[in-house]
2 protein chains.
Amino acid sequence: MPTPSQTHRLRADAVRNRQALLAAAREAFAEHGMEVSISEIAQRAGIGKGTVFRHFATKESLAAAIVADRLDELAATGRTLLEDADPEAALLEFMTAGVALHVSDRSFCQAATTDVRGDPVVRAAADRLTGVAEALTGRASREGAIRGDITGEDVIRMLTAACQAAAPERDVTGAWRRYLHLIFDGLRSEGARPLPPLPPLPPLPPTA
Amino acid sequence: MPTPSQTHRLRADAVRNRQALLAAAREAFAEHGMEVSISEIAQRAGIGKGTVFRHFATKESLAAAIVADRLDELAATGRTLLEDADPEAALLEFMTAGVALHVSDRSFCQAATTDVRGDPVVRAAADRLTGVAEALTGRASREGAIRGDITGEDVIRMLTAACQAAAPERDVTGAWRRYLHLIFDGLRSEGARPLPPLPPLPPLPPTA
DNA sequence: GCATAACCGGACCGGTCGGTCAACTTGTGC
DNA sequence: GCACAAGTTGACCGACCGGTCCGGTTATGC
(Lines give C-alpha, C1' and ligand atoms only; values in the text may rest on other atoms or scores of the structure.)
Protein backbone atom coordinates (compact mmCIF):
# COMPACT_ATOMS: atom_id res chain seq x y z
CA MET A 1 0.00 0.00 0.00
CA PRO A 2 1.83 3.04 -1.23
CA THR A 3 0.83 6.37 0.15
CA PRO A 4 -1.35 5.17 2.96
CA SER A 5 -3.58 7.81 4.42
CA GLN A 6 -1.93 10.28 6.72
CA THR A 7 -3.61 8.77 9.76
CA HIS A 8 -1.95 5.38 9.37
CA ARG A 9 1.71 5.98 9.74
CA LEU A 10 1.99 2.75 11.69
CA ARG A 11 4.07 0.04 10.21
CA ALA A 12 2.40 -3.27 9.45
CA ASP A 13 4.09 -5.16 12.26
CA ALA A 14 3.29 -2.37 14.66
CA VAL A 15 -0.38 -2.76 13.85
CA ARG A 16 -0.20 -6.48 14.43
CA ASN A 17 1.50 -6.00 17.74
CA ARG A 18 -0.93 -3.37 18.84
CA GLN A 19 -3.86 -5.62 18.19
CA ALA A 20 -2.23 -8.55 19.94
CA LEU A 21 -1.54 -6.23 22.85
CA LEU A 22 -5.11 -5.01 23.09
CA ALA A 23 -6.51 -8.53 22.94
CA ALA A 24 -4.08 -9.80 25.55
CA ALA A 25 -4.67 -6.87 27.85
CA ARG A 26 -8.40 -7.30 27.58
CA GLU A 27 -8.14 -10.93 28.54
CA ALA A 28 -5.63 -10.37 31.28
CA PHE A 29 -7.53 -7.51 32.88
CA ALA A 30 -10.77 -9.46 32.72
CA GLU A 31 -9.18 -12.44 34.40
CA HIS A 32 -6.94 -10.95 37.01
CA GLY A 33 -8.18 -7.42 37.41
CA MET A 34 -6.14 -4.27 37.36
CA GLU A 35 -3.20 -5.73 39.21
CA VAL A 36 -1.79 -7.83 36.38
CA SER A 37 1.73 -6.75 35.61
CA ILE A 38 2.65 -5.26 32.28
CA SER A 39 5.18 -8.04 31.83
CA GLU A 40 2.41 -10.60 32.12
CA ILE A 41 0.36 -8.83 29.48
CA ALA A 42 3.35 -8.46 27.19
CA GLN A 43 4.18 -12.13 27.52
CA ARG A 44 0.61 -13.09 26.80
CA ALA A 45 0.67 -10.94 23.68
CA GLY A 46 3.98 -12.44 22.62
CA ILE A 47 5.71 -9.08 22.55
CA GLY A 48 8.32 -7.33 24.66
CA LYS A 49 7.59 -5.17 27.64
CA GLY A 50 9.02 -2.13 25.93
CA THR A 51 6.61 -2.51 23.06
CA VAL A 52 3.69 -2.15 25.41
CA PHE A 53 4.96 1.22 26.55
CA ARG A 54 5.54 2.26 22.96
CA HIS A 55 1.80 2.00 22.40
CA PHE A 56 0.58 3.21 25.79
CA ALA A 57 2.63 5.59 27.87
CA THR A 58 1.45 4.18 31.17
CA LYS A 59 -0.32 1.15 32.50
CA GLU A 60 -3.29 3.31 33.42
CA SER A 61 -3.75 4.63 29.92
CA LEU A 62 -3.81 1.08 28.61
CA ALA A 63 -6.40 0.07 31.15
CA ALA A 64 -8.41 3.18 30.45
CA ALA A 65 -8.45 2.48 26.73
CA ILE A 66 -9.83 -0.98 27.29
CA VAL A 67 -12.39 0.04 29.88
CA ALA A 68 -13.62 2.85 27.65
CA ASP A 69 -13.89 0.40 24.81
CA ARG A 70 -16.12 -1.91 26.80
CA LEU A 71 -18.26 0.96 27.99
CA ASP A 72 -18.81 1.96 24.39
CA GLU A 73 -19.81 -1.57 23.51
CA LEU A 74 -22.47 -1.48 26.18
CA ALA A 75 -23.62 1.94 25.00
CA ALA A 76 -24.00 0.55 21.49
CA THR A 77 -26.10 -2.31 22.81
CA GLY A 78 -28.25 0.22 24.61
CA ARG A 79 -28.75 2.29 21.49
CA THR A 80 -30.09 -0.65 19.55
CA LEU A 81 -32.41 -1.43 22.46
CA LEU A 82 -33.91 2.03 22.05
CA GLU A 83 -35.62 0.65 18.95
CA ASP A 84 -37.26 -2.10 20.98
CA ALA A 85 -41.04 -1.83 21.14
CA ASP A 86 -41.30 -2.55 24.87
CA PRO A 87 -39.49 0.12 26.90
CA GLU A 88 -39.56 -1.84 30.13
CA ALA A 89 -38.19 -4.99 28.59
CA ALA A 90 -35.58 -2.96 26.78
CA LEU A 91 -34.38 -1.34 29.98
CA LEU A 92 -34.17 -4.67 31.75
CA GLU A 93 -32.27 -6.15 28.86
CA PHE A 94 -29.88 -3.23 28.91
CA MET A 95 -29.18 -3.75 32.57
CA THR A 96 -28.80 -7.46 32.03
CA ALA A 97 -26.19 -6.83 29.38
CA GLY A 98 -24.40 -4.45 31.68
CA VAL A 99 -24.27 -6.85 34.57
CA ALA A 100 -23.12 -9.65 32.32
CA LEU A 101 -20.31 -7.42 31.14
CA HIS A 102 -19.20 -6.60 34.67
CA VAL A 103 -19.43 -10.15 35.85
CA SER A 104 -17.27 -11.43 33.04
CA ASP A 105 -14.60 -8.82 33.59
CA ARG A 106 -12.81 -8.63 36.87
CA SER A 107 -11.20 -5.30 36.11
CA PHE A 108 -14.57 -3.67 35.77
CA CYS A 109 -15.64 -4.14 39.34
CA GLN A 110 -12.40 -2.51 40.37
CA ALA A 111 -12.57 0.19 37.75
CA ALA A 112 -15.74 1.34 39.44
CA THR A 113 -14.02 1.89 42.77
CA THR A 114 -10.46 2.70 41.85
CA ASP A 115 -8.16 4.76 39.74
CA VAL A 116 -9.21 4.38 36.12
CA ARG A 117 -12.34 6.45 36.44
CA GLY A 118 -11.18 10.02 36.23
CA ASP A 119 -9.23 9.31 33.09
CA PRO A 120 -10.70 11.59 30.43
CA VAL A 121 -11.11 8.79 27.92
CA VAL A 122 -13.09 6.72 30.40
CA ARG A 123 -15.06 9.71 31.54
CA ALA A 124 -16.13 10.52 28.02
CA ALA A 125 -17.22 6.94 27.39
CA ALA A 126 -19.06 6.87 30.71
CA ASP A 127 -20.90 10.03 29.76
CA ARG A 128 -21.94 8.55 26.45
CA LEU A 129 -23.17 5.47 28.27
CA THR A 130 -25.08 7.51 30.80
CA GLY A 131 -26.76 9.35 27.95
CA VAL A 132 -28.03 6.11 26.49
CA ALA A 133 -29.18 4.92 29.89
CA GLU A 134 -30.98 8.20 30.33
CA ALA A 135 -32.87 7.69 27.09
CA LEU A 136 -33.84 4.14 27.96
CA THR A 137 -34.92 5.22 31.42
CA GLY A 138 -36.96 8.13 30.17
CA ARG A 139 -38.84 5.91 27.78
CA ALA A 140 -39.71 3.36 30.47
CA SER A 141 -40.54 6.10 32.91
CA ARG A 142 -42.92 7.91 30.57
CA GLU A 143 -44.76 4.67 30.04
CA GLY A 144 -45.16 4.27 33.78
CA ALA A 145 -43.15 1.09 33.87
CA ILE A 146 -40.73 2.46 36.42
CA ARG A 147 -40.97 5.16 39.02
CA GLY A 148 -40.55 8.67 37.73
CA ASP A 149 -37.66 9.74 39.91
CA ILE A 150 -35.12 7.35 38.45
CA THR A 151 -32.31 8.79 36.38
CA GLY A 152 -30.04 7.18 33.85
CA GLU A 153 -27.26 7.59 36.34
CA ASP A 154 -29.29 5.61 38.86
CA VAL A 155 -29.71 2.81 36.39
CA ILE A 156 -26.00 2.58 35.74
CA ARG A 157 -25.25 2.51 39.41
CA MET A 158 -27.86 -0.06 40.30
CA LEU A 159 -26.44 -2.16 37.54
CA THR A 160 -23.04 -2.19 39.15
CA ALA A 161 -24.75 -2.82 42.45
CA ALA A 162 -26.33 -6.00 41.14
CA CYS A 163 -22.95 -7.12 39.96
CA GLN A 164 -21.50 -6.52 43.38
CA ALA A 165 -24.25 -8.50 45.06
CA ALA A 166 -23.36 -11.51 42.96
CA ALA A 167 -19.62 -10.96 43.29
CA PRO A 168 -18.78 -13.88 45.58
CA GLU A 169 -19.43 -16.44 42.88
CA ARG A 170 -17.41 -15.15 40.02
CA ASP A 171 -20.08 -15.37 37.33
CA VAL A 172 -20.83 -18.88 36.07
CA THR A 173 -23.64 -19.65 38.48
CA GLY A 174 -25.73 -16.79 37.21
CA ALA A 175 -26.68 -15.80 40.74
CA TRP A 176 -26.56 -12.23 39.51
CA ARG A 177 -29.85 -12.75 37.69
CA ARG A 178 -31.51 -13.17 41.03
CA TYR A 179 -30.15 -9.90 42.30
CA LEU A 180 -30.75 -7.95 39.15
CA HIS A 181 -34.33 -9.10 39.30
CA LEU A 182 -34.69 -7.95 42.90
CA ILE A 183 -33.16 -4.61 42.10
CA PHE A 184 -35.26 -4.11 39.03
CA ASP A 185 -38.35 -4.70 41.12
CA GLY A 186 -37.22 -1.83 43.30
CA LEU A 187 -37.21 0.42 40.28
CA ARG A 188 -40.71 -0.50 39.22
CA SER A 189 -43.42 1.94 40.08
CA GLU A 190 -45.86 -0.49 41.65
CA GLY A 191 -44.70 -0.60 45.24
CA ALA A 192 -43.12 2.81 45.00
CA ARG A 193 -42.89 4.98 48.05
CA PRO A 194 -41.32 8.41 47.93
CA LEU A 195 -37.55 8.48 47.96
CA PRO A 196 -36.01 9.87 51.12
CA PRO A 197 -34.85 13.48 51.28
CA LEU A 198 -31.94 12.74 49.04
CA PRO A 199 -28.81 14.74 48.53
CA PRO A 200 -29.33 15.81 44.92
CA LEU A 201 -26.64 13.53 43.54
CA PRO A 202 -23.76 15.95 43.11
CA PRO A 203 -22.39 15.70 39.54
CA LEU A 204 -20.34 12.58 40.02
CA PRO A 205 -17.00 13.53 41.55
CA PRO A 206 -16.47 16.94 43.18
CA THR A 207 -13.93 17.70 40.51
CA ALA A 208 -11.06 15.20 40.42
CA MET B 1 10.37 -19.93 70.48
CA PRO B 2 8.63 -21.34 73.57
CA THR B 3 5.21 -22.55 72.62
CA PRO B 4 2.79 -19.71 72.06
CA SER B 5 0.42 -21.91 73.98
CA GLN B 6 -2.81 -20.37 75.13
CA THR B 7 -3.15 -18.22 78.23
CA HIS B 8 0.46 -17.13 78.07
CA ARG B 9 0.08 -13.69 79.50
CA LEU B 10 1.32 -10.87 77.35
CA ARG B 11 3.68 -8.40 78.84
CA ALA B 12 2.15 -5.04 79.68
CA ASP B 13 3.96 -3.14 76.94
CA ALA B 14 3.07 -5.82 74.44
CA VAL B 15 -0.59 -5.35 75.24
CA ARG B 16 -0.28 -1.61 74.79
CA ASN B 17 1.46 -2.03 71.47
CA ARG B 18 -1.04 -4.55 70.27
CA GLN B 19 -3.90 -2.21 70.97
CA ALA B 20 -2.16 0.71 69.33
CA LEU B 21 -1.51 -1.52 66.34
CA LEU B 22 -5.11 -2.61 66.04
CA ALA B 23 -6.37 0.95 66.28
CA ALA B 24 -3.88 2.21 63.73
CA ALA B 25 -4.56 -0.63 61.33
CA ARG B 26 -8.27 -0.08 61.60
CA GLU B 27 -7.88 3.58 60.74
CA ALA B 28 -5.38 2.99 57.99
CA PHE B 29 -7.36 0.25 56.31
CA ALA B 30 -10.52 2.30 56.50
CA GLU B 31 -8.84 5.28 54.91
CA HIS B 32 -6.65 3.77 52.27
CA GLY B 33 -8.02 0.29 51.79
CA MET B 34 -6.07 -2.91 51.77
CA GLU B 35 -3.08 -1.50 49.99
CA VAL B 36 -1.62 0.47 52.87
CA SER B 37 1.86 -0.73 53.64
CA ILE B 38 2.73 -2.35 56.92
CA SER B 39 5.32 0.34 57.47
CA GLU B 40 2.65 3.00 57.25
CA ILE B 41 0.54 1.21 59.81
CA ALA B 42 3.50 0.67 62.12
CA GLN B 43 4.45 4.32 61.92
CA ARG B 44 0.91 5.36 62.64
CA ALA B 45 0.87 3.13 65.70
CA GLY B 46 4.21 4.48 66.83
CA ILE B 47 5.84 1.06 66.79
CA GLY B 48 8.42 -0.69 64.68
CA LYS B 49 7.64 -2.72 61.61
CA GLY B 50 8.96 -5.86 63.23
CA THR B 51 6.52 -5.54 66.09
CA VAL B 52 3.62 -5.73 63.70
CA PHE B 53 4.79 -9.09 62.46
CA ARG B 54 5.30 -10.27 66.01
CA HIS B 55 1.57 -9.89 66.56
CA PHE B 56 0.35 -10.94 63.13
CA ALA B 57 2.33 -13.33 61.01
CA THR B 58 1.20 -11.80 57.73
CA LYS B 59 -0.46 -8.68 56.49
CA GLU B 60 -3.49 -10.71 55.49
CA SER B 61 -3.99 -12.10 58.96
CA LEU B 62 -3.94 -8.58 60.37
CA ALA B 63 -6.49 -7.41 57.85
CA ALA B 64 -8.60 -10.48 58.47
CA ALA B 65 -8.64 -9.87 62.21
CA ILE B 66 -9.90 -6.35 61.72
CA VAL B 67 -12.49 -7.22 59.12
CA ALA B 68 -13.79 -10.03 61.30
CA ASP B 69 -13.98 -7.61 64.19
CA ARG B 70 -16.13 -5.19 62.24
CA LEU B 71 -18.37 -7.96 61.01
CA ASP B 72 -18.94 -8.99 64.60
CA GLU B 73 -19.82 -5.44 65.54
CA LEU B 74 -22.48 -5.38 62.87
CA ALA B 75 -23.75 -8.76 64.01
CA ALA B 76 -24.07 -7.39 67.54
CA THR B 77 -26.06 -4.43 66.25
CA GLY B 78 -28.31 -6.85 64.43
CA ARG B 79 -28.87 -8.91 67.53
CA THR B 80 -30.10 -5.96 69.52
CA LEU B 81 -32.39 -5.03 66.63
CA LEU B 82 -34.02 -8.44 67.01
CA GLU B 83 -35.66 -7.00 70.13
CA ASP B 84 -37.20 -4.17 68.14
CA ALA B 85 -40.99 -4.28 67.99
CA ASP B 86 -41.23 -3.52 64.26
CA PRO B 87 -39.54 -6.25 62.20
CA GLU B 88 -39.54 -4.27 58.98
CA ALA B 89 -38.03 -1.19 60.55
CA ALA B 90 -35.50 -3.34 62.33
CA LEU B 91 -34.39 -4.97 59.11
CA LEU B 92 -34.06 -1.65 57.38
CA GLU B 93 -32.07 -0.27 60.25
CA PHE B 94 -29.80 -3.28 60.17
CA MET B 95 -29.12 -2.75 56.50
CA THR B 96 -28.58 0.93 57.07
CA ALA B 97 -25.99 0.17 59.72
CA GLY B 98 -24.31 -2.26 57.38
CA VAL B 99 -24.09 0.17 54.52
CA ALA B 100 -22.83 2.91 56.79
CA LEU B 101 -20.11 0.56 57.95
CA HIS B 102 -19.02 -0.24 54.42
CA VAL B 103 -19.14 3.33 53.30
CA SER B 104 -16.96 4.48 56.14
CA ASP B 105 -14.37 1.81 55.55
CA ARG B 106 -12.57 1.62 52.29
CA SER B 107 -11.08 -1.76 53.00
CA PHE B 108 -14.50 -3.31 53.27
CA CYS B 109 -15.55 -2.74 49.72
CA GLN B 110 -12.36 -4.44 48.66
CA ALA B 111 -12.66 -7.19 51.22
CA ALA B 112 -15.87 -8.19 49.49
CA THR B 113 -14.17 -8.75 46.17
CA THR B 114 -10.63 -9.70 47.08
CA ASP B 115 -8.39 -11.86 49.18
CA VAL B 116 -9.45 -11.52 52.80
CA ARG B 117 -12.66 -13.50 52.43
CA GLY B 118 -11.63 -17.10 52.59
CA ASP B 119 -9.64 -16.52 55.73
CA PRO B 120 -11.20 -18.81 58.32
CA VAL B 121 -11.50 -16.04 60.89
CA VAL B 122 -13.41 -13.86 58.47
CA ARG B 123 -15.50 -16.77 57.32
CA ALA B 124 -16.56 -17.57 60.83
CA ALA B 125 -17.53 -13.96 61.51
CA ALA B 126 -19.38 -13.77 58.22
CA ASP B 127 -21.33 -16.89 59.13
CA ARG B 128 -22.30 -15.41 62.48
CA LEU B 129 -23.44 -12.25 60.70
CA THR B 130 -25.44 -14.19 58.17
CA GLY B 131 -27.16 -15.98 61.01
CA VAL B 132 -28.32 -12.71 62.52
CA ALA B 133 -29.43 -11.46 59.13
CA GLU B 134 -31.36 -14.66 58.68
CA ALA B 135 -33.21 -14.09 61.94
CA LEU B 136 -34.06 -10.49 61.09
CA THR B 137 -35.18 -11.49 57.64
CA GLY B 138 -37.33 -14.33 58.86
CA ARG B 139 -39.14 -12.06 61.28
CA ALA B 140 -39.89 -9.46 58.61
CA SER B 141 -40.86 -12.15 56.16
CA ARG B 142 -43.29 -13.87 58.51
CA GLU B 143 -44.99 -10.56 59.08
CA GLY B 144 -45.40 -10.14 55.34
CA ALA B 145 -43.27 -7.03 55.24
CA ILE B 146 -40.90 -8.49 52.69
CA ARG B 147 -41.27 -11.17 50.09
CA GLY B 148 -40.97 -14.68 51.38
CA ASP B 149 -38.14 -15.87 49.17
CA ILE B 150 -35.50 -13.59 50.62
CA THR B 151 -32.73 -15.15 52.67
CA GLY B 152 -30.37 -13.64 55.19
CA GLU B 153 -27.62 -14.13 52.67
CA ASP B 154 -29.61 -12.09 50.18
CA VAL B 155 -29.91 -9.26 52.67
CA ILE B 156 -26.18 -9.18 53.30
CA ARG B 157 -25.47 -9.12 49.62
CA MET B 158 -27.98 -6.45 48.76
CA LEU B 159 -26.48 -4.41 51.51
CA THR B 160 -23.07 -4.50 49.89
CA ALA B 161 -24.77 -3.80 46.59
CA ALA B 162 -26.23 -0.56 47.92
CA CYS B 163 -22.79 0.44 49.09
CA GLN B 164 -21.39 -0.21 45.65
CA ALA B 165 -24.07 1.88 43.98
CA ALA B 166 -23.07 4.84 46.08
CA ALA B 167 -19.36 4.18 45.73
CA PRO B 168 -18.45 7.07 43.42
CA GLU B 169 -18.94 9.65 46.13
CA ARG B 170 -16.98 8.27 48.98
CA ASP B 171 -19.63 8.62 51.71
CA VAL B 172 -20.26 12.13 53.00
CA THR B 173 -23.05 12.99 50.59
CA GLY B 174 -25.23 10.19 51.84
CA ALA B 175 -26.21 9.23 48.32
CA TRP B 176 -26.20 5.67 49.56
CA ARG B 177 -29.45 6.29 51.40
CA ARG B 178 -31.11 6.78 48.07
CA TYR B 179 -29.89 3.47 46.78
CA LEU B 180 -30.54 1.55 49.94
CA HIS B 181 -34.08 2.84 49.79
CA LEU B 182 -34.50 1.71 46.20
CA ILE B 183 -33.10 -1.69 46.99
CA PHE B 184 -35.19 -2.12 50.07
CA ASP B 185 -38.26 -1.40 48.00
CA GLY B 186 -37.24 -4.29 45.81
CA LEU B 187 -37.31 -6.56 48.82
CA ARG B 188 -40.78 -5.52 49.90
CA SER B 189 -43.58 -7.85 49.03
CA GLU B 190 -45.93 -5.33 47.46
CA GLY B 191 -44.80 -5.29 43.86
CA ALA B 192 -43.30 -8.73 44.08
CA ARG B 193 -43.11 -10.92 41.04
CA PRO B 194 -41.66 -14.41 41.21
CA LEU B 195 -37.91 -14.60 41.21
CA PRO B 196 -36.38 -16.15 38.11
CA PRO B 197 -35.31 -19.79 38.14
CA LEU B 198 -32.33 -19.14 40.29
CA PRO B 199 -29.23 -21.23 40.68
CA PRO B 200 -29.59 -22.35 44.30
CA LEU B 201 -26.82 -20.11 45.59
CA PRO B 202 -23.95 -22.56 45.95
CA PRO B 203 -22.30 -22.32 49.39
CA LEU B 204 -20.29 -19.18 48.89
CA PRO B 205 -16.98 -19.90 47.13
CA PRO B 206 -16.17 -23.21 45.43
CA THR B 207 -13.01 -23.19 47.48
CA ALA B 208 -10.79 -20.33 46.42
C1' DG C 1 18.92 -4.17 -3.22
C1' DC C 2 19.81 -0.46 -0.22
C1' DA C 3 19.33 3.24 3.01
C1' DT C 4 16.83 4.58 6.74
C1' DA C 5 13.85 5.33 10.17
C1' DA C 6 10.20 3.09 12.53
C1' DC C 7 9.94 -0.48 15.53
C1' DC C 8 11.20 -4.14 18.76
C1' DG C 9 12.81 -6.31 23.03
C1' DG C 10 14.86 -7.26 27.22
C1' DA C 11 18.54 -5.76 30.32
C1' DC C 12 18.36 -2.34 33.48
C1' DC C 13 16.96 1.39 36.98
C1' DG C 14 14.75 3.28 40.95
C1' DG C 15 11.47 2.38 44.15
C1' DT C 16 8.27 -0.20 47.18
C1' DC C 17 6.72 -3.80 49.81
C1' DG C 18 6.20 -7.94 52.75
C1' DG C 19 8.80 -10.32 55.72
C1' DT C 20 13.35 -11.63 58.55
C1' DC C 21 16.86 -11.17 61.99
C1' DA C 22 20.23 -10.26 65.37
C1' DA C 23 21.29 -6.77 68.54
C1' DC C 24 19.28 -4.32 71.98
C1' DT C 25 15.72 -2.82 75.65
C1' DT C 26 12.41 -3.67 79.25
C1' DG C 27 8.94 -5.82 82.05
C1' DT C 28 8.63 -9.43 85.52
C1' DG C 29 9.32 -13.11 89.05
C1' DC C 30 12.07 -13.90 92.75
C1' DG D 1 18.05 -5.36 92.66
C1' DC D 2 19.06 -8.93 89.58
C1' DA D 3 18.75 -12.22 85.95
C1' DC D 4 16.52 -13.42 82.06
C1' DA D 5 13.00 -14.19 78.97
C1' DA D 6 9.68 -11.55 76.52
C1' DG D 7 9.42 -7.91 73.60
C1' DT D 8 11.12 -4.30 70.37
C1' DT D 9 13.42 -2.36 66.54
C1' DG D 10 15.07 -0.79 62.10
C1' DA D 11 18.54 -2.24 58.93
C1' DC D 12 18.34 -5.65 55.62
C1' DC D 13 16.78 -9.13 52.00
C1' DG D 14 14.66 -10.79 47.92
C1' DA D 15 10.95 -10.24 44.83
C1' DC D 16 8.41 -7.54 41.93
C1' DC D 17 6.80 -3.75 39.26
C1' DG D 18 6.34 0.32 36.29
C1' DG D 19 8.96 2.60 33.21
C1' DT D 20 13.49 3.69 30.40
C1' DC D 21 16.90 2.97 26.92
C1' DC D 22 19.72 1.58 23.41
C1' DG D 23 21.59 -1.98 20.33
C1' DG D 24 19.60 -4.72 17.06
C1' DT D 25 15.80 -5.90 13.65
C1' DT D 26 12.62 -5.16 9.92
C1' DA D 27 9.28 -2.92 7.09
C1' DT D 28 9.17 0.46 3.63
C1' DG D 29 10.15 3.91 -0.19
C1' DC D 30 13.07 4.47 -3.93
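Lettering follows sequence order; numbering is per chain, from 1.
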- Query: Going through the checks in order, is the side-chain contact (heavy atoms from CB on, under 4.5 Å) test met by A/Glu88 and A/Phe184?
  - Reply: CA-CA 10 Å; A/Glu88 182 181 349; A/Phe184 194 74; 3.9 Å; yes
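- Checked against side chain to side chain contact (heavy atoms under 4.5 Å, CB included), A/Ala25 has the following partners two or more places apart in sequence or in another chain: A/Phe29, A/Ile41, A/Leu62, A/Ile66.
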Polar pairs (N or O, both sides) under 3.5 Å between protein and nucleotides 20-26 of chain D?
{"unit_1": "D/dT26", "atom_1": "O2", "unit_2": "A/Arg11", "atom_2": "NH1", "d": "3.1"}

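- Looking at residues two or more places apart in sequence or on another chain, you find no side chain to side chain donor-acceptor pair (under 3.5 Å) involving A/Asp86.
- Looking at heavy atoms from C-beta onward, B/Arg147 lies out of side-chain contact with B/Arg188 at the 4.5 angstrom threshold.
- Between D/dT8 and B/Asn17, a contact under 4.0 Å exists linking OP1 or OP2 to a side-chain N or O.
- Taking the side chain to side chain contact (heavy atoms under 4.5 Å, CB included) definition, one finds that B/Gln43 meets it with nothing, sequence neighbours left out.
- Near DNA chain C, meaning a heavy atom under 4.0 Å away, there are no residues from residues 19-27 of chain B.
- Sorted by first and then second residue, the pairs that involve residues 41-50 of chain A and meet salt bridge (charged side-chain N to carboxylate O under 4.0 Å, His left out), not counting sequence neighbours, are A/Glu27-A/Arg44, A/Glu31-A/Arg44, A/Glu40-A/Arg44.
- Among residues at least two apart or in separate chains, salt bridge (charged side-chain N to carboxylate O under 4.0 Å, His left out) pairs with a member in residues 53-69 of chain B are B/Arg26-B/Asp69.
- Between the side chain of A/Arg139 and the backbone N or O of A/Leu82, at least one donor-acceptor pair lies under 3.5 Å.
- Both A/His55 and B/Val36 lie close to DNA chain C; mapped to their nearest nucleotides by heavy-atom distance, the more 5′-ward contact belongs to A/His55.
- If you walk DNA chain C from 5' to 3' and mark each nucleotide with an atom closer than 4.0 Å to a heavy atom of chain B, the marks span C/dC17 to C/dT28.
- Separating the CD1 atom in A/Ile38 from the CG atom in A/Leu21 is a distance of 8.0 Å, to the nearest 0.5 Å.
- In terms of the side chain to side chain contact (heavy atoms under 4.5 Å, CB included) criterion, residue partners of A/Ala75 (sequence neighbours excluded) are, by chain and number, A/Arg79, A/Leu129, A/Val132.
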- Query: Going through the distances and angles, do A/Met158 and A/Leu180 end up as a side-chain contact (heavy atoms from CB on, under 4.5 Å)?
  - Reply: CA-CA 8 Å; A/Met158 296 302 276; A/Leu180 177 56; over 6 Å; no
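- The side chain to side chain contact (heavy atoms under 4.5 Å, CB included) check on A/Ala45 picks up A/Ala20, A/Ala24, A/Ile47, with sequence neighbours excluded.
- Within residues 38-46 of chain A, the residues approaching DNA chain D are A/Ile38, by heavy-atom distance under 4.0 Å.
- Every residue two or more places apart in sequence or in another chain that forms a side chain to side chain donor-acceptor pair (under 3.5 Å) with A/Asp72 is listed here: A/Arg128.
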